[in-house]
Amino acid sequence: MATEKSAVVGPLVGAVVQGTNSTRFLVFSSKTGQLISHHQVELTQEFPREGWVEQDPKEILQSVYECMERTCEKLAELNIDISNIKAVGVSNQRETTVIWDKLTGDPLYNAVVWLDLRTQSTVEILSKKIPGNNNFVKSKTGLPLSTYFSAVKLRWILDNVRNVQKAVEEGRALFGTIDSWLIWSITGGVNGGLHCTDVTNASRTMLFNIHSLEWDKELCDFFEIPMNILPNVCSSSEIYGLIKGGTLDGVPISGCLGDQSAALVGQMCFQEGQAKNTYGTGCFLMCNTGRKCIFSERGLLTTVAYKLGKDKPVYYALEGSVAIAGAVIRWLRDNLGIIETPEETENLAKEVGTSYGCYFVPAFSGLYAPYWEPSARGILCGLTQFTNKCHIAFAALEAVCFQTREILEAMNRDCGIPLTHLQVDGGMTVNKILMQLQADILHIPVLKPTMTETTALGAAIAAGAAEGVDVWSLKPENLTAVTMERFEPQIKATESENRYSTWKKAVQKSMGWATTQSPERGDSTIFSSLPLGFFIVSSMIILIGARYISGIP
């Protein structure tokens, strides 16, 4: 972070990074890409039932306002005039689904988070409606039918929440991913807020045709989603509207990218074949495939990478998604209590330098790419009396690396050109043990930018480069080179293979744990579907049993 006004060069651009675990606001120099100041607020996650993950949209919105105000206060302390901030970009957790009332501005239900599993039975019902020889959902969207994506979450809400149904019937409801909720609220909300999204976020809803770049009527009919609640789809870099209220009143919001696309842009992966891996709550490996869609045969997603301007071409990507990466560290802290801070994981792992045969499959939300197996659940195996918390911490880090290798192998086969190195970013990359493990398990170099806030940088680039803002040049010669820290493999390839093959055995053991009973149905729902006679007979058996036990004839 800069400590002197003289360190700031040229106009500034802000970036909202709204993630699953926290919200941040960061300010960059548009000429050097230097991070000037930032503020972060941790968020609450709610788990009403097993497999359910929710967040309060109002808490998320308030965290954005708080981060903006606190960052501006820090800039003032550095004697930096906040009028230098010429634009703001938004990057967000994708797929998380929000429905709100356009008349009151209030959410109609909690945000259903991308990790949420309650829609498994919804997915099973919908999958039976897709013709076996014509998977039009995947051909139009590039996505497998999964609990991961917004359309099935929206379908569940419409089926189960009466006040949402009523709001839709009365024309009051608006749907959006987190970016839409934030942009609508920040640009005025009930007083003229803009209901929009960008192509990268739209491409994760399962309602968007990635070829025509429009909401698709056939898909909306299939999921029974009314099209009038959907946001307007824009490019990733254009002026959507102006911030209303607060310290940044009047500043344009001019960039919007789903977090993984933002990281791809922030890593300057503008060429076909360039790839990055982001280590956040989940883990996301994305490869730029240029202006053509490549459909995977190995469980990867085809998605929109970015469209940096109304009249600019769209670029596509292949992506492999791991549900649980950084979330496993939070689990070690919050659920097991074996660490107090994420940094302790590195110290524990360093202390032993091995998992001592312990393997961890953190399939808390099933397995995403390349398996797409919702029945999987987390397991720890290979435990002995010698195993301690240090070995478990090491196995947790190793699990993130093994999952990345599975995706990288699938991507290499789909693209036909193996990656010779892996560019990485995200909060977990500060862990040097993790980065070295990743290089060892992939057996290729891992390159980490010295400035790790690449997601925020990508959102800032999109905002600053927008027509009408024009403070950030996208010409190759003007893009600041990203300096990298390099991690080389330090173990033999045979050892890497042995550890990886053992991990694969553990993965197989993690599958098939969950029953077909959907998490969306509580235990009481099971009984509500049983015939009245069942309860009469059951009551008689209980009564007879009670009388027998008590000695009553």
Side-chain angles (χ1 to χ4, degrees), residues 46 48-49 52-61 95-114 116 118-130 136-137 140-141 145 147 149-197 201-202 204-209 214-234 518-522 524-525 528-529:
E46 299 176 25
R49 299 188 197 178
W52 292 31
V53 189
E54 297 180 0
Q55 288 180 309
D56 180 355
K58 281 192 169 181
E59 181 191 356
I60 290 173
L61 179 60
E95 299 94 19
T96 297
T97 300
V98 187
I99 299 187
W100 66 96
D101 189 319
K102 67 181 179 182
L103 300 183
T104 66
D106 292 328
L108 293 163
Y109 193 69
N110 266 351
V112 179
V113 178
W114 58 277
D116 191 280
R118 75 186 68 186
T119 54
Q120 185 51 42
S121 68
T122 306
V123 169
E124 290 166 5
I125 291 166
L126 288 168
S127 65
K128 293 173 183 175
K129 292 170 59 178
I130 299 176
F136 67 94
V137 175
K140 286 172 181 276
T141 67
L145 194 57
T147 59
F149 306 108
S150 308
V152 291
K153 301 179 193 301
L154 179 54
R155 182 66 260 151
W156 185 92
I157 294 171
L158 292 172
D159 286 340
N160 291 277
V161 184
R162 177 56 194 146
N163 66 316
V164 172
Q165 296 166 357
K166 192 169 186 291
V168 170
E169 291 163 6
E170 295 174 0
R172 295 182 284 112
L174 295 179
F175 153 78
T177 42
I178 293 294
D179 57 304
S180 298
W181 163 242
L182 295 180
I183 293 172
W184 182 84
S185 300
I186 292 168
T187 59
V190 295
N191 298 310
L194 292 147
H195 187 214
C196 65
T197 188
N201 283 295
R204 312 295 290 197
T205 61
M206 232 175 205
L207 302 171
F208 186 71
N209 189 313
E214 295 174 330
W215 298 121
D216 190 285
K217 188 176 186 305
E218 186 180 14
L219 291 170
C220 290
D221 289 345
F222 175 74
F223 289 102
E224 298 180 60
I225 304 297
M227 296 184 76
N228 63 340
I229 70 173
L230 303 179
N232 182 41
V233 182
C234 304
S518 167
E520 75 186 73
R521 295 170 59 193
S524 60
T525 315
S528 68
S529 64

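Just so you know, these numbers use all the heavy atoms, side chains as well, and skip hydrogens, waters and symmetry mates. Keep in mind the model is a prediction, meaning the values are calculated, not measured.
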inquiry  = With heavy-atom distances below 4.5 Å as the criterion, would you say the side chains of Pro48 and Glu54 are in contact?
reply    = yes

Separation between CG of Leu108 and CD1 of Ile157, rounded to the nearest 0.5 Å = 9.5 Å

inquiry  = Would you compute the distance between atom CG of Leu103 and atom CD of Glu170 and round it to the nearest 0.5 angstrom?
reply    = 9.0 Å

query = Do Thr177 side-chain atoms and Thr97 backbone N/O form a donor-acceptor pair below 3.5 Å?
reply = no

ask   = Does a side-chain N-to-carboxylate-O contact under 4.0 Å join Lys153 and Glu95?
value = no

query = Quick one: are Phe175 and Thr205 in side-chain contact, heavy atoms under 4.5 Å?
reply = yes

request  = List the steps and the verdict of side-chain contact (heavy atoms from CB on, under 4.5 Å) for Asn209 and Glu214.
outcome  = CA-CA 6 Å; Asn209 189 313; Glu214 295 174 330; 5.5 Å; no

Which atom of Gly171 lies closest to which atom of Lys102, heavy atoms considered = O-CE, 2.9 Å

ask   = Taking the side chain from Asp116 and the backbone from Val112, do they hold a donor-acceptor pair closer than 3.5 Å?
value = no

Worked check of side-chain contact (heavy atoms from CB on, under 4.5 Å) between Arg49 and Arg118 = CA-CA 9 Å; Arg49 299 188 197 178; Arg118 75 186 68 186; over 6 Å; no

request  = Report yes if the side chains of Thr104 and Val190 come closer than 4.5 Å at any heavy-atom pair, otherwise no.
outcome  = no

message = Would you say that Leu230 contacts Ile225 through its side chain, given a criterion of any heavy-atom pair below 4.5 Å between the two side chains?
response = yes

message = Could you walk me through whether Thr197 and Cys234 satisfy the side-chain contact (heavy atoms from CB on, under 4.5 Å) test, starting with their C-alpha distance in whole Å, then the side-chain angles of each, then the deciding distance to 0.1 Å, before giving a yes or no?
response = CA-CA 6 Å; Thr197 188; Cys234 304; over 6 Å; no

query = Would you say the side chain of Ser180 lies within less than 4.5 Å of the side chain of Trp100, judging by non-hydrogen atoms?
reply = yes

inquiry  = For Ala173 versus Ile229, what's the shortest heavy-atom pair and its separation?
reply    = O-CG2, 3.5 Å

task = Nearest 0.5 Å please: distance from the CD1 atom of Ile60 over to the CG atom of Leu182.
result = 7.5 Å

request  = Determine, stepwise, if the pair Glu124 / Lys129 fulfils salt bridge (Lys or Arg N to Asp or Glu O under 4.0 Å).
outcome  = CA-CA 9 Å; Glu124 290 166 5; Lys129 292 170 59 178; over 6 Å; no

request  = Quick one: pull up CG in Asp179 and OG1 in Thr96 and give me the separation to the nearest 0.5 Å.
outcome  = 10.5 Å

request  = Supply the atom-to-atom distance His195 NE2 to Leu174 CG, rounded to the nearest 0.5 angstrom.
outcome  = 4.5 Å

task = Give the minimum heavy-atom separation between Trp215 and Pro231, together with the two atoms involved.
result = NE1-O, 2.7 Å

request  = Please examine the side chains of Cys196 and Val233, heavy atoms only from C-beta on, and report whether any two atoms are closer than 4.5 Å.
outcome  = no

request  = May I ask you to say whether Arg162 pairs ionically with Glu169, meaning some side-chain N is under 4.0 Å from a carboxylate O?
outcome  = yes

request  = Determine the minimum heavy-atom distance between Phe223 and Leu207, stating which atoms define it.
outcome  = CD1-CD2, 3.7 Å

ask   = Considering only heavy atoms from C-beta outward, does the side chain of Val123 approach that of Leu145 to under 4.5 Å?
value = yes

ask   = Minimum heavy-atom separation for Tyr109 to Pro57, with atom names?
value = O-CG, 4.0 Å

key: Student check: side-chain heavy atoms of Thr122 and Arg155 closer than 4.5 Å   = yes

ask   = Does Asp56 have any side-chain hydrogen bond (donor to acceptor under 3.5 Å, both in side chains) partners at least two apart in sequence or in another chain, and if so, which?
value = none

ask   = Can Asn110 and Gln55 be counted as having a side-chain donor-acceptor contact under 3.5 angstrom?
value = no

inquiry  = Would you compute the distance between atom CZ of Phe222 and atom CE of Met206 and round it to the nearest 0.5 angstrom?
reply    = 8.5 Å

key: Test side-chain contact (heavy atoms from CB on, under 4.5 Å) applied to Leu126 and Val152, step by step   = CA-CA 9 Å; Leu126 288 168; Val152 291; 3.7 Å; yes

